[in-house]
Amino acid sequence: MNHQAILALYPNVVSIFDTTAYDKDGNEVTYDQDAVNAWVDPNAYKAKRAAEYPPMTDYLDGVVKGEQAQIDAYIAACLAVKAKYPKG
């Protein structure tokens with residue numbers, strides 16, 4: 001059960017227990033399970049990028065030492081991650 005998808009697709013849903021969704025008044029909300037299954041988190045790329053970005057200390061070390069090649073390598077690595085995980 002993808003609770004995040006139900007909450008994103010059905011803004012009137014405020015709580016979910018087991019497989020049943022409810023609105024603010026406690027009324028059951030019917031949802032389309034196929035739509036829920038097909039939903040893709042538009043922000044999923046953020047976590048994937050964060051996990052693969054090189055450490056910022058690599059960039060700062062290059063700045064402090066004045067090594068442009070190290071700075072350029074850091075920027076290239078970041079751009080490669082951005083290309084691998086484009087915004088949804």
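Note that these values count all heavy atoms, side chains included, but never hydrogens, waters or copies made by symmetry.
Side-chain contact between K87 and R49 is present, with at least one heavy-atom pair separated by less than 4.5 Å. Contact annotation: the side chain of D41 approaches that of W39 to within less than 4.5 Å [non-hydrogen atoms, C-beta and beyond]. At least one side-chain heavy atom of Y31 sits less than 4.5 Å from a side-chain heavy atom of T19. You'll find the side chain of V36 reaches within 4.5 Å of the side chain of L9, heavy atoms only.
Considering every non-hydrogen atom in both I16 and V13, the closest pair reads CG1-CG1, 3.9 Å.
Atom CD of E67 sits about 7.0 Å away from atom CG of D61, to the nearest 0.5 Å. Atoms NZ and OH, from K48 and Y53 in turn, are 13.5 Å apart once rounded to the nearest 0.5 Å. Rounding to the nearest 0.5 Å places SG of C78 at 11.5 Å from CD of E52. The CD1 atom of I71 sits 10.5 Å away from atom NZ of K65, with the distance rounded to the nearest 0.5 Å.
Residues passing the salt bridge (Lys or Arg N to Asp or Glu O under 4.0 Å) test with D32, sequence neighbours excluded: none.
Environment of OH in Y10: crowded, with over 12 heavy atoms of neighbouring residues, nucleotides or ligands closer than 6.0 Å.
Remark: aromatic rings of Y85 and Y45 are distant, center separation not under 6.0 Å.
A continuous path of hydrophobic side-chain contacts links L79 to M56 [ILVMFWY only; heavy atoms under 4.5 Å]. V29 and I6 end up in the same hydrophobic cluster when Ile, Leu, Val, Met, Phe, Trp and Tyr side chains are linked at under 4.5 Å.
Of the possible polar contacts, one joining the Q70 side chain to the D58 backbone as a donor-acceptor pair under 3.5 Å is found.
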